[in-house]
Amino acid sequence: MQYYRAALKRRYHLLFRSGELQKRAEALSKRLGACDICPRSCGVNRFEGSGGYCKSGMMVSVASRCAHHGEEPALSGTRGSGTIFFSSCNLNCIYCQNSQISQGHGRYEQVDSRGLAQMMLYLQEELQCHNINLVSPTHYVPQIVEAICQAVPLGLNIPIVYNTNAYDSLETISALDGVVDIYLPDIKYASDKWAQRFSDARKYAEYSRLAIAEMYRQVGNLITDDKGIAQSGLIIRHLILPNRLAGSEDSLKWVAAALSRDVTLSIMAQYYPCHHASREPLLARRVTASEYRVVVEIVNSLGLDNGWLQQLDSAEHYLPDFHREGHPFSR
Ligand code: SF4
C-alpha cells in the first residue's frame with residue numbers, strides 16, 4: 001500500500017511501472033563499456049577498470065551520506081537534505097572545497113547499485129530527509145539509475161536532486177528526463193579559457209549551457225509544497241570568484257535570456273582559496289565586498305528575483321571535513 005500511494009507521487013514511479021526506467025538503466029550501463037557518460041568521452045571500459053579521467057569503475061565510491069542542513073532552505077527544510085557525496089569528480093578545480101573526496105584521496109565506502117539503493121532508503125526512512133541529494137553524480141549516472149530501479153519497489157518516494165558541476169553531456173541528461181525531480185547545477189564559468197585553466201574543462205560554457213537548458217526543459221521552475229520544501233524544478237548555483245573570473249554578468253544574462261527571469265538562483269559568496277588555489281595569484285584570496293556588490297546589482301538589474309543570496313561572511317560555515325568521523329559539516 002505504501003508503494004501504491006508513492007506511485008501516484010513521482011514521475012520516476014511512472015517510468016518504473018512502464019519499464020522505461022529499467023530500459024534507461026540498461027542503456028546507460030552499456031555506455032560504460034566505452035565510457036561517454038560525461039563530455040570527456042574517455043572511451044575506457046569501466047567494466048574492466050577505472051582508467052578514465054574520473055578514475056571510477058563500476059563500483060560506486062561514497063564519501064559520506066548524511067542529513068545536510070546547510071543546503072538552500074527549500075532543500076534542507078527542517079529534517080535535512082539526504083545527501084550522498086560521491087567520491088571522485090569529472091572536473092579538477094584547483095580551488096575545490098571538496099578536494100578530500102573529489103580527487104579520491106579521502107575515506108570512502110564502495111557499494112554496488114543495491115548498496116546505493118539501501119543508502120537512499122536509509123536517508124528516507126531512518127533520517128526522514130526531504131530528498132535524495134546526489135552530490136557530484138555525473139560519473140555515476142548509470143549506477144544511480146539502476147539504484148533507483150531497485151529502491152522504487154522498496155518504497156523510495158522522495159524527490160531526487162541532481163547536484164552537479166554541470167559538466168554533463170546532453171545525452172546523459174536527456175536520459176534522466178522523468179528520473180530527476182530537482183536539478184541543482186552550478187554555472188561555474190562563462191569563459192572556456194578560465195574553465196580550462198582552473199578546472200581542466202574544455203568547452204565548459206558550451207557543455208554546461210546545453211545541459212542546463214535541457215534540465216530546465218525537463219523540470220521548469222522550482223515548485224515547493226505548502227511548507228516551502230522543493231518538489232521539482234531547477235535551482236542554478238553560481239559561485240562568485242575573485243577578479244570576476246566566474247563571468248557572473250555573462251552567465252546571469254544567459255540565464256535571463258535563454259531560460260527565464262523566473263529561474264531560481266542560489267548566488268554563493270563562500271569562495272575560499274582551498275586546495276591548490278593559493279598557487280594561482282588570481283584565485284588566492286576571497287571575494288571582496290565590492291565584487292560581491294557588483295554581482296548582487298547584476299542579479300537585481302536583470303530582474304532575477306527568485307532564490308537566495310549568500311552573505312559574504314559565509315566561507316567558514318560551508319567548508320566540509322571529510323576526514324572527520326560522522327558528519328562532514330559538524331563542528
Ligand atoms: S564519466 Fe569518467 S570515464 Fe566516463 S567519460 Fe566522464 S571522466 Fe571519462
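What you see below is based on every heavy atom in this structure, not just the backbone, and it leaves out hydrogens, waters and symmetry mates. Order of appearance sets the numbers: ligands from 1, and atoms from 1 within every ligand.
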Would you say the side chains of [X] and [Y] form a donor-acceptor pair under 3.5 Å?
| X | Y | answer |
| --- | --- | --- |
| Ser81 | Asn131 | yes |
| Ser248 | His238 | yes |
| Arg279 | His276 | yes |
| Thr138 | Asp168 | yes |

For [atom], find the nearest protein heavy atom and state the residue, atom name and distance (0.1 Å precision).
| atom | answer |
| --- | --- |
| atom 1 (S) of ligand 1 | Arg46 NH1, 3.5 Å |
| atom 8 (Fe) of ligand 1 | Cys42 SG, 2.3 Å |
| atom 4 (Fe) of ligand 1 | Cys35 SG, 2.3 Å |

Is it true that Lys55 lies under 4.0 Å from ligand 1, counting heavy atoms only? no
Does ligand 1 have any atom sitting under 4.0 Å from a heavy atom of Ser41? yes
Is the charged tip of Arg286 near the ring of Tyr271: under 6.0 Å from the six-membered ring centre and within 45° of its axis? no
N/O/S atom of His139 under 2.8 Å from atom 8 (Fe) of ligand 1, yes or no? no
Strictly below 4.0 Å, N to O, side chains only: are Asp177 and Arg217 in salt-bridge contact? yes
Please state which option from Cys38, Ser56, Cys54 has its nearest heavy atom closest to atom 6 (Fe) of ligand 1. Cys38
